[in-house]
S.K.: 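One structure, as C-alpha cells, below. Some questions next.
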Amino acid sequence: MLKYDFGKIEKKWQKYWREKKIYEPDLKSAKRPFYNLMMFPYPSAEGLHVGNMYAFTGADIYGRMKRMQCYDVFQPIGLDGFGIHSENYALKIKAHPMEQAKVSEKRFYEQLQVIGNGFAWDEKLETYDPEYYKWTQWIFVQLFKRGLAYRAKAPVNWCPSCKTVLADEQVITGRCERCGTLVERKELEQWFFRITKYAEKLLENLEKIDWSERVKIAQRNWIGKSEGASIKFSISSSQFSIKEIEVFTTRPDTLYGATFMVISPELAKEWVDAGWEAPEEVKKHVAEALRNRGEEQKEKTGVFSGISAINPATKKEIPVWVSDYVLAGYGTGAIMAVPAHDERDWEFAKKYKLPIVEVVEPLFVKTDDIDGVRPGLLLKERDAVVAVVKHWAEDKYLCLKWKKTDWRGFIVGGIEKGEDMAEAAAREIREETGYKSAKFVRDLGGIVHALFYHAVKNENRWARFHGLYFELADGKREEIADEENQIHDVVWVDKKEVDRFLDWVTDMRLIWHRASNPDDFPGRSALHESSRVSEQGILTRSGKFDGMSAEEAKWKITDFVDGKRESHYRLRDWLVSRQRYWGPPIPMIHCDKCSWQPVPEEDLPVILPKIKDFQPKGKGESPLASDKSFYETKCPKCSGRARRETDVSDTFLDSAWYYLRYPSVKEKNAPWNKETTKKWLPVNLYTGGAEHSVLHLLYVRFLALALHDEKLLEFGKSPAPHGEPFPKFRAHGLLIKEGAKMSKSKGNVVNPDEYIKRFGADTLRMYLMFIAPFEQGGDFRDSSILGVARFLERVWKVGVAMENPPGEDPDPALTRILSQMIKKVTEDIEDLHYNTAVSALMIALNDIEARTPVNFYHQTLARADWESFLKLLAPFAPHITEELWEKLGNKNSIHKEKWPEYDLKLIREETFDLIVEINGKHRATISVSRGTSEKEASNVALNEEKIKSLLAGVKIKKTIFVKDRLINFVV
RNA sequence: GGGGAUGUGGCGGAACGGCAGACGCGCUGGCUUCAGGAGCCAGUGGUCGCAAGACCAUGAGAGUUCGAAUCUCUCCAUCCCCACCA
C-alpha cells in the first residue's frame, strides 16, 4: 500500500501557513469580514483534550469554507488561563500558578499548532497577561462608575474546600461545581454586578437571536421570569414594629384559599433583629434552619410564630408560620400558603393540621370517539361555550357556540346511534360524576350526538342536563335550545383550528382521568397536574368572584386587595469577587474617609504580585490580604491611608469580553479599537459547548448590552439586536468514549497527540467530524478511525496518479457526480452536518474508483473535477489537500482558492426513478425522463408487467402523482 | 418534582411526509501473502423460498394521510440540565 507520509506533509504545511500568514485577515481593510469565533480553552496543563479539538475542528471547517467563499475570515485563539481551574491544578502539582501558566501555555500552543486549524496566531491572547487584564480591570471600573458594580453584604455560597465564595451558577444541587463539597451559607461583603437590571432584556432578545434552541431554553429557565402579584397582609397582633407582610404570588386567584402564611427563617431572624420577641421554639427553629441551609431536600419542618395576619380577601385571621421550605432569596421571603392549590403548602398543611380550602374547581371535560363522531368542547370565556363536532362522513366540522352563565363544569359525551339519549346521558353522568339526581331531555329520534352540561352549585350539588342534537345523516340539522340556553352561532370552521382544539380536548381528557382519582380531595390533583388547567378552572368560595374563571380572577382579585401586578426573576446579581489568588485583582481602594474608590485608569493595571503563599486561607480573605506591600496604598481621592481590595474577580469576567480584544490586541490605549470593533463585530458565528449555556453565555450578553447602553461599545455589523455579541451561536455536542463520558478517573481520556502521531491530524480531524452530527456529539471508537485513514490513503493514491498528463476524454458521469457533491457538501457544511459531508466525499471517491481502472485516474477524471474534489475536502483535511494541490502544479495555497460552484443543469439527470406504489406500497421502479406528466407516468406504470398483473381486475379509485418522484394507485 | 433531548441492523449513524438502513466500522466467503498485517472482489435487518419474490421490521400503542422513522396524542426506556423559585 502506498503510504503517504502525513507526518512530513503536515509539518511542512503548518510551517508554510505560518510563514505566509495565510490565515491572517487584514483587520484594517478587509472587505468582507467574517468573525468565526470558538470558545477559548482553559489550559489545564495536562494538555489539549480531544473534546477541545473536536470543538475547534468543527468551527475551523466552517471558517475554512467561508474563507474559500471569499470572506475575510478571522479565527483567533487564546487561553482562558486565569481562574480556579488553573490555580487548583497548580496547587495539586505544587507549582506556582504564575510559572505553571507559562508551561501550560507552551504546551497548549504547540498542540494547537498540530491540529491544523486556520488560527490567526498574531492575535492570540491570554487572560493572565497584564496587557489583557488591565482592561478587565478597566471594565470593572467602568461598571462601578455607572452603578452596575456594587458591594454588598450578602449571604453567599461558601465552599469550605475551595475556600472561596461561589456564584449561584456554580452551586449544583447545594454542592460546589468544582469539588463537590457541600456549600455553606456565609454572610460576607462581596462585589456584585447588577445583571438583574438586564433580566428582561436578556430574556426578550433571546427571541431575536439565532442560537441552538436548547441553549435558549436553558437561559430562559435560568432567568426564570414569573408573572404574579405582590400582596400585603396586615398583622393583626401588632406586638412590634413590623405591621405587614408582603408576599409575591403567581396565583392571586387563589387568595381566598390562603389559610396561613409562612416566612423564611432568614426573615424571622430579621424580625428578631428588629425587635420581635419571638417564642423560644421559634428562635430555636430559626437557628437550626439557618445552620442547615444548603443541605439536600428533606421533610418540611416549621413552627407557629404566634403571630396572626389578616387575609385581605376573606378578612379572616390566619396564622403565620416559620419554615425552611420558604427561601429567603426569592420574592419577599414570605409566602401566602394555599394548601389546596400548591403541592408544598399541601404537604405542610397536612403535617401541621392546618385548614385546607379549595377555591378553584377544575373544569371537567370528557370526550368520546363513537361511531366516527368526535365531539369536543371548548371553554372560551366565563360565559360562553364552543363545541365542535366532526361530521362522520364528510370532512366538515360543526362549530356551535352558546351562552350560559350558571354552569360550573361541562361534560361532553357521545352516544350510539339509536340509543336513547336520555338513558345514555343518565348513565354517563352517573358514571362519571356520581351525581344521583338528574332530569333528562327526551330523545326526539334520529340522534347521533348530543352535548350535555351539568351545573354544580357549591356543596349543595345538583345536576341538570340540557340536550342539543342535530341530524347529520341527511345533511339537515335541527337545533334545540331550552328557555335558558340560547344558541348563538352555528358556523363551519377550518380544519386547523379544529385540530388544535382536539389536542386541547385530549389534554383535558387526561386531566379528567387524573381528577377522578379519588385520592385526596377533588380538584387538588387536577390542579396540580397542570397549571394551565388550573387557570382554566372556576372559582368557588371566593365571595363575589365565584364562577369566574381563574385566569380572569387573577388580576381582578389583585386589584380588589390593592395588590401590585409584578414580574419576578429567578436571576440574581452576579457575584464577581473571589477570595483567591489567581485572578485579576479587583481595582478598588477602600478609604475610611472616602469609602470605596476605583483605581484611577492611568494606574491600571493593578498587577497581581508574585507571592509565595498563594494558598487560599479560608477566612473569607484572599491570599493577597497577607501581602502588605500589595494592599497598603493611598486613597486616590484624599491621598490618605487606604487599603486596596484584595479579592480577585471571577474567571467568567475574563471570558466575558475576550472576543472584543482579539481584533484589537495590538491596541495599546483602549480595550478595543473603535473602528476595528465596528468593522468586525458582532461575531458572525460563535461555537462552543452547551455546558456554558447559562454561565458564560449569559455573562457575555449582559456585559455587551451594558457596555452598549453606557456608550462604551459600538458594533457596526449585521442587523442583529442592538448590543448582542453573538447573533448566531451553535452548541456542539459532547464527545464520549466507547459509550462513557471521558474522565480522568475512568482513565478513558483520549489524548489527541497519540492519534495524530499514528494517523495524522487530517485523519483525526475527519474522523471526529464523521462520527455523528456535530451538534449532537458522538462516541469516539478506535476501530472506526481506520475507515477514514483508508479513505485518505485512497485519496492520496488518486492524487498521485493525477500528476500524470490528463487523458483525452474524461468521464462525463464523474463530472456530474462531482457537481452533485459540490451542492451536497456546501449545504452540509453550512448546516454543520459534517458527518454527511464526509460521507458524500467518500461516495464520490468510491465512484471515481469504480469508474476507472486502477492508477489511470488521470485518464477518466477531468482535472477540474479533481480540483473541486480537493477543495471540498480541504476544510476537513487541510494538509493532504494542500500537498496534492501542489502536486497538480498550483503555486498558491488551496485554502485561498475559490470554493467550487456547481451547475444546476449539470446536476439534473435526464431520467429519474419513478416510484410506483399501490395503496402506498412500493411495487416497482421505472426509469423515466424528467418532467414526465401524470398521464404519461400513469401509462408507463400501467404497462409495466408487474403492475399490470397486480392491478388486473381491480378498479383504480384514485391516483396520486408527485412530479419527478412517484405515482400511487389507490384501489 | 420541573424542563429539555433521544429511541432506526452487531456498532457509529443516513433518509425535503414518498425505494428505511446512505457512508463507515465490524462480520462472512473468496483472491493474494511463507506468515502476521494490509489490500482487492463478493455478501451482510428478520422470516419463508432453489429462485423470482413475498411478508415482517425504525421503543410500544393509537391518530392524521393515498402514503409515516418523519406530523399529533398516550405510554415505556435512556441521557442531560435545573431542582423547595410560591
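This is a predicted model, so every value here is computed, not measured. Per chain, numbering begins at 1; letters A, B, ... match sequence-line order. Values below: all heavy atoms of this structure, side chains included; hydrogens, waters and symmetry mates excluded.
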S.K.: Under 6.0 Å between ring centres: does that hold for F791(A) and F770(A)?
M.R.: no

S.K.: Are OP1 or OP2 of rC25(B) and a side-chain N or O of R790(A) less than 4.0 angstrom apart?
M.R.: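 Result: yes.
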
S.K.: What does I915(A) touch in the nucleic acid at a heavy-atom separation under 4.0 angstrom: a base, only the sugar-phosphate, or nothing?
M.R.: base

S.K.: May I ask you to check whether over 12 heavy atoms, not counting those of K232(A), lie within 6.0 Å of atom NZ?
M.R.: no

S.K.: If you measure only the distance, is there a donor-acceptor pair under 3.5 Å linking the side chains of R794(A) and N846(A)?
M.R.: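 There is such a pair between these side chains.
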
S.K.: Just by modelled atom types, is the L255(A) backbone N or O under 3.5 Å from a matching donor or acceptor in the N311(A) side chain?
M.R.: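 Side chain of N311(A) to backbone of L255(A): a pair is present.
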
S.K.: Please give, in whole Å, the distance from rC66(B) P to F969(A) CZ?
M.R.: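 Rounding to the nearest Å, CZ of F969(A) and P of rC66(B) are 17 Å apart.
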
S.K.: How far, in whole Å, is rA69(B) from rA15(B) if one measures between their P atoms?
M.R.: 15 Å

S.K.: For residues 776-783 of chain A, which residues have at least one heavy atom under 4.0 Å from RNA chain B?
M.R.: Q776(A), R781(A), S783(A)

S.K.: Give the ring-plane orientation class for F774(A) versus Y54(A), where under 30° counts as parallel, over 60° as perpendicular and anything between as tilted.
M.R.: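 F774(A) vs Y54(A) ring planes: tilted.
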
S.K.: Across the strands shown, which category fits T959(A) at heavy-atom distances under 4.0 angstrom: base, sugar-phosphate, nothing?
M.R.: nothing

S.K.: Quantified in whole Å, what is the P atom distance between nucleotide rG12(B) and nucleotide rA22(B)?
M.R.: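 Each nucleotide's P atom is 15 Å from the other's.
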
S.K.: Counting side-chain heavy atoms from CB outward, which of rC66(B), rG24(B), rC82(B) is closest to N846(A)?
M.R.: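 Per side-chain heavy atoms of N846(A), the pick is rG24(B).
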
S.K.: For residues 825-843 of chain A, pull every pair meeting salt bridge (charged side-chain N to carboxylate O under 4.0 Å, His left out), keeping only residues two or more places apart or in separate chains.
M.R.: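 Residue pairs with at least one partner in residues 825-843 of chain A: K66(A)-E830(A), K823(A)-E827(A), K824(A)-D828(A).
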
S.K.: Over 60° means perpendicular and under 30° means parallel, so tell me whether Y325(A) and F348(A) are parallel, tilted or perpendicular.
M.R.: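 If you compare the ring of Y325(A) with that of F348(A), the planes turn out tilted.
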
S.K.: As a test of reading the structure: which of rA54(B), rA14(B), rG26(B) is closest to the side chain of L786(A), going by heavy atoms?
M.R.: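 Looking only at side-chain atoms, L786(A) lies closest to rG26(B).
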
S.K.: Taking atom C1' in both rC23(B) and rG9(B), what distance in whole Å separates the two?
M.R.: 15 Å

S.K.: Which glycosidic conformation, syn or anti, is assigned to rG9(B) if syn requires a torsion within 90° of zero?
M.R.: syn

S.K.: State which of rA86(B), rC82(B), rC66(B) makes the closest approach to the side chain of V970(A).
M.R.: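 Selected nucleotide (nearest to the side chain): rC66(B).
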
S.K.: 5'-most contact on RNA chain B: T925(A) or E849(A), nearest heavy atom basis?
M.R.: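 Mapping each residue to its closest nucleotide by heavy atoms, the 5'-most match is T925(A).
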
S.K.: Please work out if I217(A) contacts a base, only the sugar-phosphate, or nothing of the nucleic acid, heavy-atom cut-off 4.0 Å.
M.R.: sugar-phosphate

S.K.: Contact class for A218(A) (heavy atom, under 4.0 Å): base, sugar-phosphate, or nothing?
M.R.: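 Answer is nothing: A218(A) stays at 4.0 Å or more from every strand.
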
S.K.: Looking for any heavy atom pair under 4.0 Å, which part of the strands does K946(A) touch: base, sugar-phosphate only, or nothing?
M.R.: sugar-phosphate

S.K.: Could you tell me whether I335(A) contacts a base, only the sugar-phosphate backbone, or nothing, with contacts defined as non-hydrogen atoms closer than 4.0 Å?
M.R.: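 Base contact.
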
S.K.: Which helical stems does RNA chain B take part in, if a stem means at least 3 consecutive Watson-Crick or G-U pairs with both distances below 3.5 Å?
M.R.: B:1-7 with B:76-82, B:10-12 with B:23-25, B:26-31 with B:39-44, B:45-48 with B:53-56, B:59-63 with B:71-75

S.K.: Has the side chain of E917(A) got a donor or acceptor that lies under 3.5 Å from a partner of the other kind on the base of rG67(B)?
M.R.: no

S.K.: Over 60° means perpendicular and under 30° means parallel, so classify the ring planes of Y330(A) and F248(A), tilted if in between.
M.R.: perpendicular

